Amino acid sequence: MPSPSIRGAKLPLSAYRRPNPVERARFFLGKQLVVRSPEGLCSGLITETEAYGGNEDLACHGTGNRRTARTQMLFEPGGRAYVYLCYGIHSMLNFVIGPGDIPLAILIRAVHITAGQDLVKKRRPRAPKKGWTSGPGRICAALAITLADNGCDLTGNRIWVEDIGIRIHSSEITATPRIGVDYAGEWAAKPWRFVWGISKKTGNAIAPTLNCDRGDAP
DNA sequence: CTCTCGATTAGCT
DNA sequence: GCTAATCGAGAGA
């Protein structure tokens, strides 16, 4: 098991105020997501992301300047979490990265747990250990992220992201169309989903440069 | 007010 | 492979 002491520098606000969601979606791969709960810390390396936003992205909740009670967070200046409920059941975690008034966000779709495994086991007792944090809804269940975290300051002490020095080569990233946005017309086809390593069999991330089970994560 | 359906998942056939 | 779960956002009457 990897050491929970692998800690890097908390990403500053400037990491979340960027004009290009595709560039940021790739940037966050290999960064460490950390969540502090009353029961303790959990962390995981981000292995799968999707980019949302840009002028007319029909897959983005804020498309066409659609401001509602739910989407308002997307129009806030970057550096906060946008968490919403999907299918009435699952929470989805996004990082807001726009300058303000422009809805740009990164959906976190999968992580590789690096600390707090016992907490994750407790929260998802019936989940198989493989793939237990692969999927946007599973992440939030594993890390205890709920709708109450909507608007959470990502430079605060509840949810944040660390650079722990992992550098990912372009050849380790697979780009595919985003999942579940078929309604978005031509935007659905854009390769805005990014996976750090990918299994040809399952399509899931395999985090190629890691072997966290032996505790020798970089 | 009513109706539809979703940036999904788990469990069953 | 199929579908129930579960609820609020968003649209339209």
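It should be emphasised that the depicted structure is a prediction, and the values quoted were computed from it without experimental measurement. Here is the naming used below: chain letters follow the sequence lines, and residue numbers restart at 1 for every chain.
- The shortest distance between the side-chain N/O atoms of A:T68 and the OP1/OP2 oxygens of C:dG10 is below 4.0 Å.
- For the salt bridge (charged side-chain N to carboxylate O under 4.0 Å, His left out) with A:D149, the lone residue among A:R80, A:R158, A:R36 that qualifies is A:R158.
- If you check C:dA13 for Watson-Crick or wobble pairing at under 3.5 angstrom, you find it has no partner at all.
- C:dA4 and B:dT4 have their P atoms separated by 16 Å, with the value rounded to a whole Å.
- Summarising the base pairing, B:dC5 is matched to C:dG8 through a Watson-Crick or G-U wobble pair whose two defining distances lie under 3.5 Å.
- Two rings, from A:F28 and A:Y16, have their centers less than 6.0 Å apart.
- Side-chain atoms of A:R123 come within 3.5 Å of backbone atoms of A:A142 as a donor-acceptor pair (strictly under, hydrogens ignored).
- Counting only distance, with no hydrogens or angles, the side chain of A:T146 and the backbone of A:A148 share a donor-acceptor pair below 3.5 Å.
- When atom types are taken as modelled, the side chain of A:K10 and the backbone of A:G156 share a donor-acceptor pair closer than 3.5 angstrom.
- For the C1' atoms, the distance from B:dC5 to C:dT3 is 15 Å, rounded to whole Å.
- Here the straight-line distance linking atom CH2 of A:W160 with atom CG of A:L33 works out to 9.5 Å at 0.5 Å rounding.
- The side chain of A:R66 places no N or O atom within less than 4.0 Å of a non-bridging phosphate oxygen (OP1 or OP2) of C:dA9.
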Exercise. Mark up nucleotides 4-13 of chain B, 5' to 3', with B wherever a protein heavy atom is under 4.0 angstrom from a base atom, S wherever such an atom reaches only the sugar-phosphate, and - elsewhere.
Key: --BBBSSS--
